[in-house]
Amino acid sequence: MKKSIFFGTLALSGIAAGAAAAGTLDDVKARGKLNCGVSTGLVGFAAPDANGNWDGFDVAVCRAVAVATLGDANAVEFVPTTGKTRFTALASGEVDMLARNTTWTFSRDVDLKFEFVGVNYYDGQGFMVPKDLGVSSAKDLDGATVCIQTGTTTELNLADFFRSNNISYEPVPIETNAEAQQQYLAGACDVYTTDASGLAATRATFENPGDHVLLPEIISKEPLGPLVRHGDSEWGDIVRWTLNAMITAEELGVTSANAGEMAGGTNNPEINRLLGSEGTLGEMLGLSADWAKNVIMSQGNYGEVFERNIGENTPIGLARGLNAQWTNGGLIYSPPFR
Amino acid sequence: MAEKSFVRMEMLPEQAPPASSVGVIGWVRANLFSSWFNSILTVISIYFIWRVLAGILPWVFLSVWDADSLAGCREVIAANWPGAESAEHACWAVINERWLQLLYGFYPPELYWRPNLAIILLFVALAPVLFADRVPRKLLYVTMVYPFLMPWLLWGGTIWGPLMAAAGFVIGFYVIKILSDEIGALSAMIVGVLATVTWWLGAGPAVADALSGTLPIGIEAVESRKFGGFMLSVLIGVVAIGVSLPIGIVLALGRQSDLLIVKGICVGFIEFIRGVPLITLLFVASTLLNIFLPPGTNFDIILRVMIMVTLFAAAYMAEVIRGGLAALPKGQYEGADSLGLDYWQSQRLIIMPQALKISIPGIVSTFIGIFKDTTLVSIIGLLDPLGLANAIRADAAWNGVYWELFAFIALLFFVFCFSMSRYSMYLERKLQTDHR
């Protein structure tokens, strides 16, 4: 009885919270700043530089939304969140959105009452081994010692993979990526497994990256994307279509360099609708007509953001792979701007 | 019987001791090679010390200070020390580039003078407390003002907020002073506390708003999100240390009280807080409170963390002081009673000075522990030095740098903790009154 009263009160306060938090866009405009939850530091995705300015692939999404809503890429308060605090920070309204390499899963979407607005990076769990181990496939890893972060989905994926292939392994539990790098280099384990993007970033820091290879098997699906909380679909739309605008811009060949020129009008009606010279798409979102143009001019299109932060010319050196445009055989696909 | 016998007629002059038993050689013989077993131990020890130093010293001193990335460091190492592994030479360039960030977090660089001034004033404010016999007592005024000055310096904003907070104490003090003759000490204290709290919650902020509207005196405000690095650790540590001692004393006294409710509350509080890990309390502060508080409530995350760490420290402090109280012979209490002192007088003049003196090692030990525990805040996403170390590694240029960052952070913590420890030993020597 007492319990039900307690939870009833909780639920009521939850409803009150939801009601009061409706109109995130208005809150953001009144505040003049977007509160964006990012990681406390992940190579290529979010990191502060020596002057405290955040930069990275996820950070660009935050900045893009700030440009769309407030017209200023620096009107963002970056709230560093850990894997443990990120969901509460979003649910409690401490942040307006989360762009923190978070895997879109059923339970997070449905049970935790969040709304993933899209996918900005398709990741998957991979393996890294020293070259002189002479292994070319993860299926040859029978009896290997594996460095694995505890308490993550990677641990479960690993167990599933080895069991379904009927081979054995010996886990070396570690806590952080930093620890994993040290253990792996010290030879405490034969294999290091985590998200493929993380493996590539880790390998890039080694003194001799060529001595280590990433195995071809990707054993899990990790679609990473920005998310907002339930209860304010208008806000969710803004974040979703800001991301889609960047993706569409790449597909249509609109870049930060030519967006200003193209906004004057082109022969392609979709570009015109995207950049606001035709139609009223911005108005429908409650934003200015040139919101997408501003986003692209400030942050660049999806491809530019990718190349700048994690692409092949950066130390991390990720290939587009699954994250190429659908026209190039990848999965990055935006619904039409119509 | 004509044999002559010889008797020395004068004393021989005193001779210097043999060269092998004085000076360096003598010391070495006496201390390091006094027997064959000690000689073996000495040789083995020297070998191990040499091995350790031979590894560490080149790493520390034959190192790279100028580079813009870890790869840059490795190039310099390859150029300067051909054939060396990069792990054999430190890459201090990361500290060179980020040391200000490790110290101040994201605090605006043009305002660094404010935390600097705050820490200088901290020492000025602590001097009359720590070295009471060496500095003028007038400095105590700085000590009294400091708790209001420090937040204003760090967070900035209008000056009226801290002034009104201070006014609350003044109001409470005078209410107690005036009323204690009229309605008795205990009732006056209750009324005084109520008056202070009412002022803080009601009138104070309103008056502060009104005054800052008419007389806008203030300095640029800095948000809590900008706090980080070692400054954050020191801030949380100093507040927790400074506030937990008085609370701990009150709790320790409350636990020994004969009043059932007071005793119950104190015991419950101490046992609950001590029974829960600090990290749990920090999670409550960072996540649970967010959900309970109405949305839009701006309850500063650093303030929440400081409150939790302070409560945690206070519970431990209470038990340390209770140990000191328990060590006092019963005669001291009876002596105080026989002098006709009331409860507070006897605590202030007889009991506490002795109990606290006995507890000094325990108190300082708790202080050091709490100061080091502040690094736990990195788990809830505050960027203390350890959190920043992770953030710095997330920069593609510095990904892969570990030991240099941790060595620097360890050095900073060691300086603080070692000073506290030395001070406690100084204080023990100074207060030593028994004749051992």
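Letters A, B, ... are given to chains in the order of the sequence lines, protein chains preceding strands, and every chain is numbered from 1. The structure presented is a predicted model; accordingly, all values stated were derived computationally and were not measured.
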Counting only heavy atoms closer than 4.5 Å, note whether [X] contacts chain A via side chain, backbone, both or neither.
| X | result |
| --- | --- |
| B/Ser69 | neither |
| B/Gln101 | side chain |
| B/Arg393 | both |
| B/Tyr107 | neither |
| B/Leu70 | side chain |
| B/Trp403 | side chain |

To the nearest 0.5 Å, what is the distance between [atom1] ([X]) and [atom2] ([Y])?
| X | Y | atom1 | atom2 | answer |
| --- | --- | --- | --- | --- |
| B/Ile380 | A/Thr40 | CD1 | OG1 | 12.0 Å |
| A/Thr85 | B/Leu282 | OG1 | CG | 12.0 Å |
| B/Arg98 | A/Asp49 | CZ | CG | 6.0 Å |

Chain B contact via [X] - side chain, backbone, both or neither, heavy atoms under 4.5 Å:
| X | result |
| --- | --- |
| A/Glu207 | both |
| A/Ala91 | neither |
| A/Phe206 | backbone |
| A/Pro315 | side chain |

*Among A/Ala50, A/Ala47, A/Gly41, who wins on heavy-atom pairs under 4.5 Å with chain B?*
A/Ala50
*Which residue out of A/Gly52, A/Ser39, A/Gly93, A/Pro48 racks up the most heavy-atom pairs below 4.5 Å with chain B?*
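Greatest number of close heavy-atom pairs with chain B: A/Pro48.
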*Look at the side chain of A/Thr82 and the backbone N and O of B/Gly381, then say whether any donor-acceptor pair between them is shorter than 3.5 Å.*
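Between the backbone of B/Gly381 and the side chain of A/Thr82 there is no qualifying donor-acceptor contact (under 3.5 Å).
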Taking [atom1] in [X] as the centre, count heavy atoms belonging to other residues, nucleotides or ligands within less than 6.0 Å. Is the count above 12?
| X | atom1 | result |
| --- | --- | --- |
| B/Trp81 | CH2 | yes |
| A/Lys33 | NZ | yes |
| B/Phe272 | CZ | no |

Would you say that [X] contacts [Y] through its side chain, given a criterion of any heavy-atom pair below 4.5 Å between the two side chains?
| X | Y | result |
| --- | --- | --- |
| A/Pro80 | B/Arg225 | yes |
| A/Gln181 | B/Asn399 | yes |
| B/Phe106 | A/Phe78 | no |

